[in-house]
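What follows is a single structure, written as structure tokens, with notes after it.
A note on names: the letters A, B, ... follow the listed sequences, proteins ahead of strands, and every chain is numbered from 1. Excluded from the calculations below are hydrogen atoms, water molecules and symmetry mates; all remaining heavy atoms, backbone and side chain alike, are included.
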Protein chains: 2
Amino acid sequence: MSARQPSKPRARRPAAQARPYHHGDLRRVLIDAALQLAAEGAEVSVREAARRAAVSPGAPFRHFPNRDALMAAAAEEAQRRFRVEIEAALSEAPPAGPLARFRAFGLAYLRWAMRNPAHFEIISTGRYFAHGSSAELTRDNAELIALTEGILAEAAEQGLLRSADLKRIQIAGRALVYGFARMNLDGHFPRWGVEEGAIERMAEGVLDLFIAGIAKP
Amino acid sequence: MSARQPSKPRARRPAAQARPYHHGDLRRVLIDAALQLAAEGAEVSVREAARRAAVSPGAPFRHFPNRDALMAAAAEEAQRRFRVEIEAALSEAPPAGPLARFRAFGLAYLRWAMRNPAHFEIISTGRYFAHGSSAELTRDNAELIALTEGILAEAAEQGLLRSADLKRIQIAGRALVYGFARMNLDGHFPRWGVEEGAIERMAEGVLDLFIAGIAKP
DNA sequence: CCGAAATGTAATCGATGATTACATAACGGA
DNA sequence: TCCGTTATGTAATCATCGATTACATTTCGG
């Protein structure tokens with residue numbers, strides 16, 4: 001069984017063949033498989049992704065030079081979905097001032113992070129592929145950061161903040177939101193009651209506390 | 001070469017043998033090797049740890065049932081060092097009120113996390129061994145959390161806090177400190193200038209901002 | 001219509017976690 | 001002191017994984 005009959009002159013494109021030799025869009029399917037594996041909490045291996053795409057173990061390397069590249073591509077896709085959701089939430093929210101916008105941003109951020117923990121992990125950790133492996137990811141991330149920091153800068157310009165040290169407030173805001181997301185991700189919330197949604201309500205509370213802490217009385 | 005000469009009656013204990021057949025304290029050496037590998041940013045593999053201990057690839061499995069157990073033991077050791085340093089910092093600090101103690105705690109925490117990033121990662125992430133793999137680690141961690149939350153509870157009892165929602169403040173405090181540590185760990189601080197110590201000073205600033213935000217005016 | 005480029009397959013390699021059978025040292029009771 | 005039980009390390013082996021190479025098949029443009 002070293003090869004299927006080498007000289008079988010079958011009709012080209014045999015109409016409804018089980019699976020054509022060429023896959024169609026293997027690259028995309030591999031990325032989706034990688035994201036799905038991550039979401040299931042499983043190890044993401046190139047072979048397993050290939051297995052899910054019903055393709056040989058070497059096939060993925062036609063589309064990605066190595067495992068890192070596959071992970072980076074998966075991270076880019078996850079990041080894209082992340083951004084879409086956050087920007088949607090921001091555009092839906094009424095422009096009720098910078099601090100309200102910061103709250104809306106933080107809430108959308110945390111909600112997505114808590115509902116897609118494995119994807120958030122891939123995006124934020126930079127431990128799944130070589131650093132700087134994806135310029136797109138780096139750029140997207142920078143834009144998200146600029147977005148938050150811009151919101152807080154706006155608040156400062158409008159004289160809404162108590163402290164004059166804007167940089168410090170920006171870092172603290174990012175650390176608070178990121179830290180909350182990571183605490184959830186890293187299992188620091190002990191199954192907070194059976195009640196689902198308790199964590200999201202706590203996220204709101206923490207955001208409100210932060211805003212009350214930095215806002216001018 | 002199926003076996004070495006089976007019946008070589010060599011002298012018992014050949015005086016000043018290069019390395020005795022038994023290692024002495026292989027378990028400890030393996031844990032140290034694992035921590036050192038992590039600190040070097042390398043993958044921690046059982047084989048590499050064995051290699052550093054100059055021992056066969058199967059030897060570690062006499063001391064740890066599997067890789068997870070080795071990682072868990074390494075995490076316990078790292079956590080022990082972490083606690084020692086934090087408790088030292090707290091006992092050295094004058095008991096100048098709960099908020100000052102919170103500051104001292106947060107600073108010691110962040111300093112250690114920033115100077116031992118790989119070890120902090122192993123401790124905090126729970127992604128390097130099966131969850132609940134180490135009861136000691138879980139207990140130690142719970143005690144550290146209780147320590148911080150106790151400090152803030154004390155502040156609340158003494159009427160030092162602006163908000164009455166203690167739980168919210170405790171979570172926010174933990175999220176802020178943890179988030180700052182993780183941001184550093186996950187490469188969210190773009191090599192903040194050449195100047196070393198800039199991050200630690202920013203850590204102080206963020207802690208002060210938080211305390212100012214929750215303290216009664 | 002045909003040849004070059006793209007894409008998938010098969011075979012193979014080195015490293016790793018893990019298990020098993022075996023060898024050797026250490027320890028403790030008779 | 002001797003001997004056997006136990007602890008500990010070695011050697012050999014396996015399955016899985018990332019990666020590379022040679023080869024097969026399909027697709028597409030001139």
Side-chain angles (χ1 to χ4, degrees), chain A residues 1-15 17-30 33-34 37 42-74 128-130 133, chain B residues 1-31 33-34 37 42-74 128-130 133:
Chain A
M1 201 196 295
S2 71
R4 23 157 163 305
Q5 281 79 322
S7 55
K8 184 177 177 186
R10 63 165 135 203
R12 300 120 174 284
R13 182 82 55 90
Q17 187 176 343
R19 187 170 55 80
Y21 188 91
H22 281 236
H23 186 286
D25 193 0
L26 183 55
R27 182 187 161 89
R28 168 59 48 127
V29 171
L30 288 170
L37 281 170
E43 284 283 312
V44 181
S45 78
V46 177
R47 290 178 105 93
E48 182 60 28
R51 225 168 274 135
R52 298 217 172 178
V55 103
S56 81
F61 293 93
R62 289 288 171 189
H63 298 270
F64 305 96
N66 51 41
R67 195 196 107 108
D68 272 17
L70 170 57
M71 294 304 297
Y128 294 91
F129 42 91
S133 192
Chain B
M1 202 194 295
S2 71
R4 36 170 162 296
Q5 280 81 321
S7 57
K8 183 176 177 186
R10 70 163 128 202
R12 300 123 176 281
R13 183 83 54 90
Q17 187 174 344
R19 187 171 54 77
Y21 187 91
H22 281 236
H23 186 286
D25 194 0
L26 182 54
R27 181 187 162 88
R28 167 60 47 125
V29 171
L30 289 170
I31 291 175
L37 281 170
E43 285 282 311
V44 180
S45 77
V46 177
R47 289 177 104 94
E48 182 60 29
R51 224 168 276 132
R52 299 216 171 179
V55 103
S56 81
F61 293 93
R62 289 288 172 188
H63 298 270
F64 305 97
N66 51 40
R67 194 195 107 107
D68 272 18
L70 170 58
M71 294 304 297
Y128 294 90
F129 42 89
S133 192

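Atom-to-atom, CZ of A:R27 to C1' of C:dA6 comes out at 15 Å; the value is rounded to the nearest Å. Atom CZ of A:F64 is separated from atom P of D:dT20 by 15 Å (rounded to the nearest Å). In this entry the distance linking CG of B:D25 with P of C:dA26 reads 14 Å, nearest Å. We find that CG of B:L26 is positioned 14 Å from C1' of C:dA25, with the value rounded to whole Å. Rounded to a whole Å, the CZ atom of A:R28 is 15 Å from the P atom of C:dT7.
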Show the distances under 3.5 angstrom between N or O atoms of the protein and N or O atoms of nucleotides 19-21 of chain C.
from, atom 1, to, atom 2, distance (Å)
C:dA21, N6, B:R62, NH2, 3.3

Please list, for nucleotides 13-16 of chain C, all pairs of protein and nucleotide N/O atoms separated by less than 3.5 Å.
from, atom 1, to, atom 2, distance (Å)
C:dT16, OP2, B:R51, NH2, 2.7

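Dashed line: the shortest gap from a side-chain N or O of B:H63 to OP1 or OP2 of D:dG9 is under 4.0 Å.
The two residues B:P57 and B:A50 make their nearest non-hydrogen contact at CA-CB, 4.2 Å. B:V46 approaches B:F61 most closely through the heavy-atom pair CG1-CE1, 3.7 Å. Between B:F64 and B:A73, the shortest heavy-atom contact is CE2-CB, 3.7 Å. Between A:E48 and A:S45, the closest heavy-atom pair is N-OG, 3.0 Å. Residue A:L37 comes nearest to A:A49 through the heavy atom pair CD1-N, 4.0 Å, listed as atom of the first residue, atom of the second, then distance. Of all heavy-atom pairs between B:Y128 and B:D68, the closest is O-OD1, 3.8 Å.
Expressed to the nearest 0.5 Å, how far OG of A:S56 lies from CZ of A:R47 amounts to 9.5 Å. One finds the CZ atom of B:R28 at 11.0 Å from the CG atom of B:L30 (value rounded to the nearest 0.5 Å).
A distance-only check finds no donor-acceptor pair linking the side chain of B:R52 to the backbone of B:A34 [under 3.5 Å].
Rounded to 10°, the helix from C:dC1-D:dG30 to C:dA30-D:dT1 has 0° between the axis fitted to its first five pairs and the one fitted to its last five.
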